[in-house]
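Notes follow once the structure below has been shown.
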Amino acid sequence: MKFNFDCTENLEALLVKTAESLDDFEGEFDPQIRLADERFGDFQANGVLPYAKKIGKNPREMAQRIMDALPFTEDWEVSLAGPGFINFKLSPGFLLGWVEAFGQPEEAAGTALVQKPKEIVIDFSSPNTAKQMHVGHIRSTIIGESLARLMAFCGHKVTRDNHLGDWGTQFGILLYAIKREKISLDQLGEDPIAQLENLYRKGTAWTKEDESSLAEARNELVELQAGNTENLELWKKIKELSMDSFEAIYEMLGVRFDYAHGESFYRDRVDQVYESLLEHKICEENEGALVVFHLEHKRFCKQPLLVRKKDGASNYATTDLATLLFRKEEWQAEQIIYVTDGRQRDHFEQLFLTARKWFDAEKRAIPQLDHVWFGTILGEDNKAIKTRDGQPVKLVDLLNEAIERASRMVIEKNPELPAEEVSKRAQAIGLGAVKYADLSQDRTLDYVFSWEKLLAMQGNTAPYLQYAVARISSIFRKLENEETPGSEEARPPETPHERTLARKLTFFPLALSQTLRELKPHFLCTYLYELSTDFSSFYNNDKVMVEDRRTQSLRILLCRRTKTYLCSGLEILGIETLEEM
RNA sequence: GCCUCCGUAGCUUAAUGGACAAAGCAACGCACUUCUAAUGCGUAGAUUACAGGUUCGAGUCCUGUCGGGGGUACCA
């Protein structure tokens with residue numbers, strides 16, 4: 001038996017081939033192989049039902065005909081159930097063979113899950129310069145990093161680009177405030193970014209108060225974009241200060257970028273966007289601005305995409321279009337993934353529509369465009385989260401508090417631990433908990449932020465997964481000085497817990513491909529959590545250190561694979577693992 | 001107004017159009033002389049907001065109602 005990393009491929013190929021050999025099956029037959037409830041088997045084929053319906057035959061009879069025609073195998077038992085499901089129960093021998101075969105999931109995923117590696121650009125995190133990162137930035141940063149890791153794990157070529165908001169209207173306001181207050185950037189003290197934020201807040205208040213301030217602020221942006229030396233100097237300095245503060249956070253989170261081009265990088269490329277869009281009659285002038293209407297769209301026929309403001313300044317639609325072209329031309333992007341808040345859905349829909357028309361007119365192939373959007377983090381009041389005094393919660397404070405709280409829990413469990421080790425574990429646990437909370441539920445949902453929930457160490461949480469890894473490691477430490485049998489001595493899984501665990505291991509590729517397909521890390525989280533619970537049951541019922549060599553060999557193998565898959569999965573999620581907890 | 005997302009156990013969530021809707025928390029009961037109890041096992045808990053429809057089959061798709069979030073021309 002040659003094992004496929006993804007077992008559904010074996011079964012699907014088998015059923016398609018068998019159906020082709022039968023007179024009753026003509027034309028396309030999709031077997032629809034799905035995971036089965038454990039009480040029915042391991043996999044099930046649902047495809048006979050719709051097929052039989054289509055050609056007006058009895059589905060149970062059709063399923064029976066396929067089953068009769070299947071070649072004999074010791075790899076699985078086949079049974080007919082319900083209205084016409086075909087259930088497959090993997091044999092112990094198959095399970096053992098499969099588990100033994102795939103000790104290097106990264107290698108297997110790279111060849112089995114992705115037929116043709118793509119050039120993928122992931123645009124994520126993207127904070128605004130001149131402001132500190134706050135909780136609002138955490139989701140894009142963590143989800144983006146995780147997707148980048150997943151793509152790379154599965155063999156794609158990934159470019160991570162931090163598309164900084166360093167060229168927008170907020171700079172007009174900030175520059176206006178700096179000048180009005182006559183501030184020197186060298187005298188901002190210990191926490192320059194916090195001072196800049198205060199200035200920005202003042203500026204925003206002024207522009208809301210009166211029209212002339214707003215006009216002046218807008219003019220500062222126009223000046224900046226026109227290359228005014230003073231404004232450019234200020235802008236550059238502000239960007240440097242901001243990057244320093246971002247880097248500190250990224251290092252804490254284990255996030256890295258290949259580029260941080262930001263909107264400003266495209267400032268010399270926006271003119272060609274206007275020109276080209278005008279030339280192809282994709283945009284038009286309306287109320288002094290340059291806009292794109294999509295007449296075929298029920299909503300965007302009236303709600304335009306603004307590519308140039310009436311004051312002549314560019315905005316994020318312009319830079320996004322210029323960026324798209326750059327990524328295609330310079331990086332040969334075949335797919336671009338934008339990880340942003342769900343409130344930008346309209347923008348990206350309009351952007352993608354516009355880009356398609358534009359690329360089409362220019363006879364360029366357009367990359368696959370995906371807007372990976374997520375919900376809002378809410379406070380206790382179900383409104384977007386703020387501190388008590390209405391300020392955004394600083395990300396660095398939140399992360400430090402997570403580590404501090406985790407630290408207390410580590411000490412409580414193990415009071416004798418040296419400070420250095422406490423700190424190491426607290427980092428892994430605290431930051432892991434924060435990340436996992438964000439990744440483990442469907443990204444499109446809003447969620448209410450609460451420390452209690454974030455740092456719960458029971459249930460579907462990072463510490464639970466980390467604990468499972470630590471327990472497996474503990475077994476291996478105990479076995480270190482023993483002579484242990486190699487995996488070639490292993491007997492097939494027999495006990496219910498051995499079987500359940502082995503079966504779950506074979507589902508790993510499915511979890512990866514589903515996450516890849518939907519760009520939703522929670523699928524991987526759910527899988528890892530289930531793998532951990534299956535391991536914990538196994539751990540409590542079937543001891544690894546037993547006399548029987550064949551049994552011990554199998555159980556060691558199951559532990560080794562469980563650890564490898566858990567560690568790979570957590571690595572993809574950007575969560576550290578610990579040898580001891 | 002128009003558009004869009006959401007409504008699942010007391011709470012937080014899960015569920016590619018497939019079989020009796022799955023977990024955790026909280027509650028109750030059980031299991032540490034044992035490879036880490038940050039655990040495991042069990043009990044109890046659900047007209048999947050409501051009303052129709054499509055389908056062999058609907059939490060999932062369509063229409064409508066109710067309730068909540070978000071977007072809707074120069075912020076991103």
Side-chain angles (χ1 to χ4, degrees), chain A residues 32 34-37 39-40 44 46-47 49-50 52-53 59 81-85 87 126 128 163 165 168-170 172-173 204 218 263 286-291 297-300 302-311 313 315-317 319-320 340-347 349 373 375-376 378 382-384 409-410 412-414 429 440-442 444-448 450 452-453 456-461 463-464 466-468 470-479 510 514 517-518 522-523 525-526 529-530 532-533 536-546 555 559 580-581:
Chain A
Q32 295 187 22
R34 303 286 130 91
L35 291 188
D37 190 305
R39 51 187 182 216
F40 303 126
Q44 63 187 61
N46 298 340
L49 281 105
K53 176 70 186 174
F85 301 117
N87 289 331
S126 311
N128 292 336
H163 195 65
T169 304
Q170 83 273 20
I173 295 173
T204 309
R218 281 195 175 141
E263 294 170 341
N286 196 297
E287 295 177 29
L290 214 50
V291 302
H297 195 282
K298 62 187 167 190
R299 195 158 77 261
F300 302 140
K302 290 180 196 144
Q303 179 189 324
L305 179 76
L306 267 80
V307 294
R308 192 174 63 199
K309 304 196 280 184
K310 66 183 169 197
D311 60 13
N315 65 2
Y316 77 142
T319 47
D320 277 353
T340 85
D341 192 288
R343 281 174 287 209
Q344 295 186 41
R345 263 178 302 161
D346 276 3
H347 167 72
E349 204 182 325
W373 60 274
T376 313
L378 307 171
N382 275 2
K383 296 263 166 72
M409 295 165 117
V410 171
E412 191 182 337
K413 160 123 179 161
N414 200 336
I429 294 168
S440 60
Q441 70 171 268
D442 190 318
T444 62
L445 263 62
D446 293 347
Y447 72 89
V448 176
S450 89
E452 198 185 323
K453 194 175 130 194
M457 306 240 158
Q458 296 105 22
N460 188 9
T461 66
Y464 180 86
Q466 290 166 323
Y467 183 61
R471 284 170 124 190
I472 301 172
S473 304
S474 173
I475 295 172
F476 287 126
R477 277 196 301 277
K478 294 264 154 94
L479 287 171
L510 279 77
Q514 193 180 12
R517 191 171 57 244
E518 310 272 336
H522 82 278
F523 288 118
C525 293
T526 304
Y529 174 59
E530 286 175 3
S532 299
T533 56
S536 293
S537 296
F538 163 79
Y539 179 93
N540 274 281
N541 285 280
D542 296 339
K543 277 189 67 86
V544 175
M545 285 186 247
V546 289
R555 293 182 181 172
C559 286
E580 288 179 72
M581 272 176 83

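Just so we're clear, the structure is a prediction, and the values are computed from it rather than from any experiment. A, B, ... follow the sequence lines: proteins, then strands. Residue 1 opens every chain.
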Inset, instruction - Tell me what A:Gln514 touches on the nucleic acid: a base, only sugar-phosphate, or nothing, going by heavy atoms under 4.0 Å. - result: sugar-phosphate
Inset, instruction - Just call it for A:Phe523: base, sugar-phosphate, or nothing, with non-hydrogen atoms closer than 4.0 Å on any strand. - result: sugar-phosphate
Legend entry - N or O in side chain of A:Gln303 less than 4.0 angstrom from B:U72 OP1/OP2: no
Inset, instruction - Pick base, sugar-phosphate or nothing for A:Gln344, based on heavy-atom distances below 4.0 Å to the nucleic acid. - result: base
Legend entry - Contact under 4.0 Å: A:His297 side-chain N or O vs B:C3 OP1/OP2: no
Inset, instruction - Between A:Val410 and A:Gln441, just flag the one whose closest nucleotide in RNA chain B comes earlier from the 5' side. - result: A:Gln441
Legend entry - B:A19 base stacked by A:Phe40 (centroids within less than 5.5 Å, tilt under 30°): yes
Inset, instruction - Kindly determine whether A:Arg517 and A:Phe523 satisfy side-chain contact (heavy atoms from CB on, under 4.5 Å), including the steps that lead there. - result: CA-CA 10 Å; A:Arg517 191 171 57 244; A:Phe523 288 118; over 6 Å; no
Legend entry - Paired nucleotide for B:U16 [Watson-Crick or G-U wobble; both distances under 3.5 Å]: none
Inset, instruction - Quick one: label A:Lys413 by what it contacts on the DNA or RNA (base, sugar-phosphate, nothing), any heavy atom closer than 4.0 Å. - result: base
Inset, instruction - Tell me which nucleotide among B:U13, B:A15, B:A37 gets nearest to the side chain of A:Tyr539. - result: B:A37
Inset, instruction - Can you figure out which of B:U13, B:A37, B:A73 approaches the side chain of A:Arg471 most closely? - result: B:A37
Inset, instruction - Using a 4.0 Å heavy-atom cut-off across all strands, classify A:Ala52 as base, sugar-phosphate, or nothing. - result: nothing
Inset, instruction - Considering just the side-chain nitrogens and oxygens of A:Arg343, establish if one lies under 4.0 Å of OP1 or OP2 belonging to B:U72. - result: no
Inset, instruction - Scan A:Val291 against the nucleic acid and name what it touches under 4.0 Å (heavy atoms): base, sugar-phosphate only, or nothing. - result: base
Legend entry - Sugar-phosphate, base or nothing in reach of A:Asn414, heavy atoms under 4.0 Å: nothing
Inset, instruction - For A:Asn87, report the nucleic acid contact type (base, sugar-phosphate, nothing); a contact means any heavy atom under 4.0 Å. - result: base
Legend entry - From B:A73, B:A14, B:G18, nucleotide with atom closest to A:Phe85 side chain: B:G18
Legend entry - Heavy-atom donor-acceptor pair, A:Arg345 side-chain to B:U4 base, under 3.5 Å: no
Inset, instruction - Using a 4.0 Å heavy-atom cut-off across all strands, classify A:Asn315 as base, sugar-phosphate, or nothing. - result: sugar-phosphate
Legend entry - Sugar-phosphate, base or nothing in reach of A:Lys302, heavy atoms under 4.0 Å: nothing
Inset, instruction - Pick base, sugar-phosphate or nothing for A:Glu530, based on heavy-atom distances below 4.0 Å to the nucleic acid. - result: nothing
Legend entry - Nearest to side-chain heavy atoms of A:Gln458, which nucleotide of B:G40, B:A73, B:C25: B:C25
Inset, instruction - Name the closest nucleotide to the A:Asp346 side chain, picking from B:A14, B:A73, B:G71. - result: B:G71
Inset, instruction - Hey, could you give me the CD/NZ distance between A:Gln303 and A:Lys298, rounded to the nearest 0.5 Å? - result: 12.5 Å
Legend entry - Candidates B:C35, B:U16, B:U12 - which lies nearest the side chain of A:Lys478: B:C35
Inset, instruction - Could you please name the option among B:C41, B:U39, B:C3 that lies closest to any side-chain atom of A:Lys298? - result: B:C3
Legend entry - Separation of B:A22 P from A:Leu35 CG (nearest whole Å): 16 Å
Legend entry - Nearest listed nucleotide, side chain of A:Arg299, among B:G40, B:C3, B:G18: B:C3
Inset, instruction - Please state whether the phosphate of B:C41, meaning OP1 or OP2, lies under 4.0 angstrom from any side-chain nitrogen or oxygen of A:Ser537. - result: yes
Legend entry - A:Ser536, nearest nucleotide to its side chain (from B:U16, B:C35, B:G40): B:G40
Inset, instruction - Verify the contact: side-chain N or O of A:Tyr467 to OP1 or OP2 of B:A38, cut-off strictly under 4.0 Å; return yes or no. - result: yes
Inset, instruction - Give one of base, sugar-phosphate or nothing for A:Tyr464, where a contact means two heavy atoms less than 4.0 Å apart. - result: sugar-phosphate
Inset, instruction - Would you indicate what A:His347 reaches in the nucleic acid, counting non-hydrogen atoms under 4.0 angstrom: base, sugar-phosphate, or nothing? - result: nothing
Legend entry - Donor/acceptor link under 3.5 angstrom from A:Glu263 side chain onto base of B:A76: no
Inset, instruction - For A:Asp442, answer base if it contacts any base atom (sugar-phosphate contacts may also be present), sugar-phosphate if it contacts only those atoms, and nothing otherwise; contact means non-hydrogen atoms under 4.0 Å. - result: sugar-phosphate
